[in-house]
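Some notes on the structure that comes next.
From a predicted model like this one, the values you see are computed outputs, not experimental measurements.
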Amino acid sequence: MIALQHPTSLNVLKKYSQACAVLQNTSRASQVAWYKDGLDLDFQFHIIVDGAGVHTFFFNRSDHSWSNGVTVSEEVIADPEKTLALGRNLIKQVQD
C-alpha cells in the first residue's frame, strides 16, 4: 500500500508522481464506479451514526431491497486494522 499525502503539501512533481502511483496501485483507472455518485451505484452500503450506536444497511438497487448490514462498533471505527477487516468483509459479502 502506498503512503499518500494530501496534495496541498506536495509540489507539482510530487503531486504528479502520487497521482501516477494511485492509478497504478488501485482500481481507480479501471473501475467506473469510482466516478459515479454513491447513490447511483447498484449496491450500496449505508452507515448511520446516531450518537448511541452505529447502524449499517445494504441497499440493492436491482430489486429495491434493504437489508441489515454488518455489525460496526466504536472499537472498529477507532482501530485501522479492524476497519480494514470490515472493508474486506464488505467486499466478501458483495461478491457472494
Side-chain angles (χ1 to χ4, degrees):
M1 186 180 220
I2 57 175
L4 300 175
Q5 296 180 349
H6 196 279
T8 59
S9 67
L10 303 174
N11 65 36
V12 175
L13 179 59
K14 289 184 180 182
K15 283 181 191 180
Y16 176 76
S17 297
Q18 181 168 288
C20 289
V22 168
L23 286 176
Q24 291 172 350
N25 297 303
T26 68
S27 62
R28 184 111 190 181
S30 60
Q31 180 56 265
V32 296
W34 276 100
Y35 304 100
K36 287 186 172 183
D37 183 46
L39 296 176
D40 291 337
L41 296 173
D42 293 332
F43 193 77
Q44 301 167 17
F45 179 60
H46 293 259
I47 303 170
I48 300 170
V49 180
D50 65 3
V54 180
H55 308 283
T56 66
F57 302 93
F58 294 113
F59 177 67
N60 187 340
R61 183 175 299 287
S62 63
D63 61 4
H64 298 288
S65 66
W66 288 89
S67 59
N68 288 328
V70 296
T71 302
V72 178
S73 67
E74 188 175 322
E75 178 184 350
V76 170
I77 294 170
D79 184 344
E81 289 299 320
K82 291 180 180 179
T83 303
L84 188 57
L86 171 66
R88 288 185 182 125
N89 186 15
L90 287 171
I91 291 169
K92 183 178 177 185
Q93 284 193 356
V94 170
Q95 292 174 339
D96 291 344

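- Sorted by first and then second residue, the side chain to side chain donor-acceptor pair (under 3.5 Å) pairs with a member in residues 74-85 read Glu75-Lys82; sequence neighbours excluded.
- The side chain to side chain donor-acceptor pair (under 3.5 Å) pairs that include a residue from residues 38-48 are Gln44-His46, where partners are two or more places apart or lie in different chains.
- Applying the side chain to side chain contact (heavy atoms under 4.5 Å, CB included) criterion to Ala85, with sequence neighbours excluded, gives no partner residue.
- Applying the side-chain hydrogen bond (donor to acceptor under 3.5 Å, both in side chains) test to Ser30 and every residue at least two apart in sequence or in another chain returns nothing.
- Residues meeting the side-chain hydrogen bond (donor to acceptor under 3.5 Å, both in side chains) test with Ser67, sequence neighbours left out: none.
- Among residues two or more places apart in sequence or in another chain, the side chain to side chain contact (heavy atoms under 4.5 Å, CB included) test is passed with Val70 by Phe45, Thr56, Phe58, Val72, Leu86, Asn89, Leu90, Gln93.
- Going from atom CG of Leu10 over to atom CD of Gln18 covers 5.0 Å, rounded to the nearest 0.5 Å.
- Remark: Asp37 pairs with no residue by the side-chain hydrogen bond (donor to acceptor under 3.5 Å, both in side chains) rule, at least two apart or across chains.
- Counting all heavy atoms, side chain and backbone alike, Asn60 lies closest to Ser62 at OD1-OG, 2.7 Å.
- Applying the salt bridge (charged side-chain N to carboxylate O under 4.0 Å, His left out) test to residues at least two apart or on different chains, none of the pairs has a partner in residues 14-33.
- Ser65 pairs by the side-chain hydrogen bond (donor to acceptor under 3.5 Å, both in side chains) definition with Asp63, not counting sequence neighbours.
- Within the structure, ring pair (Phe, Tyr, Trp, His ring centres under 6.0 Å) contacts touching residues 8-34 (residues at least two apart or in different chains) do not occur.
- Cluster partners of Phe57, by chain and number: Ile48, Phe59, Trp66. The rule joins Ile, Leu, Val, Met, Phe, Trp and Tyr whenever side-chain heavy atoms lie under 4.5 Å apart.
- Side-chain contact between Leu39 and Leu41: absent, with no pair of heavy atoms (C-beta onward) separated by less than 4.5 Å.
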